[in-house]
Amino acid sequence: MAALVCALALGALTACSAGDTYDVGDARYATDYGNHEPLAVVGYPSVGSLGITQQVVWRIADGKADELASLAAEKGDKDVSEKTAGNWITAFGLGARGKVTAEFYDEGSVRQEVVLYFHDTGQIKQIQVRGTGSDGKDSWRVTLAEPDPKEATTVLPWVPKTPGQLGSKTPH
């Protein structure tokens with residue numbers, strides 16, 4: 001009987017599709033966390049913005065384009081999300097498998113700019129994460145709207161070359 005209860009509980013924890021975001025206590029989170037290099041953090045993420053950022057870096061590192069695309073905030077054009085995911089994996093996959101620092105800019109209750117520093121490759125990627133929970137649930141997603149490979153690798157002029165240079169505040 002105890003084995004059946006354990007099997008049902010594990011099934012409930014893993015019943016969500018691969019693209020669903022998940023909570024820190026979820027078994028999938030523990031597995032992902034154990035399989036990847038720890039993410040260094042600068043700035044002040046919310047629980048939601050940190051969680052989605054970890055998932056983005058992990059999906060890039062694992063080369064899982066479908067799972068990365070499923071984290072998109074934009075649900076309208078699946079083709080754009082899929083192309084963007086592929087671009088990010090191609091461009092940043094090697095760096096995501098090594099040491100990564102995520103700098104979280106400004107206040108993160110609704111949306112947050114995040115700059116990823118891939119230390120092994122010297123690459124920098126700015127992303128935007130945002131809460132999308134219209135049902136009262138704290139659900140966070142990433143903006144995936146860079147189907148052009150050149151756009152996906154462009155570093156915006158305001159982005160500093162090293163973490164912490166702007167004190168985690170975007171210039172106004």
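What you see is a predicted model, and the numbers here were worked out from it, not measured in a lab.
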Exercise for the section: Examine Phe92 together with Phe118 and report whether their ring centres are nearer than 6.0 Å. Expected result: yes
Side-chain ([X]) to main-chain ([Y]) donor-acceptor, under 3.5 angstrom:
X: Glu74; Y: Leu144; result: yes
X: Ser49; Y: Pro45; result: no
X: Asp62; Y: Lys64; result: no
X: Glu103; Y: Pro160; result: no
X: Ser168; Y: Gly164; result: no
X: Ser81; Y: Ala69; result: no
X: Asn87; Y: Pro147; result: yes

Do NZ/NE/NH1/NH2 and the carboxylate oxygens of [X] and [Y] come within less than 4.0 Å?
X: Asp79; Y: Lys83; value: yes
X: Glu67; Y: Arg59; value: yes
X: Glu146; Y: Lys125; value: yes

Handout entry: Which atom of Leu39 lies closest to which atom of Gln54, heavy atoms considered
Key = CD2-CG, 3.7 Å
Fill in the blank from the handout: To the nearest 0.5 Å, atom CG of Asp106 lies from atom NZ of Lys169 at 6.0 Å
Practice task
Determine whether Ile127 and Leu116 make a side-chain contact, defined as any pair of heavy atoms from C-beta on separated by less than 4.5 Å.
Solution key: yes
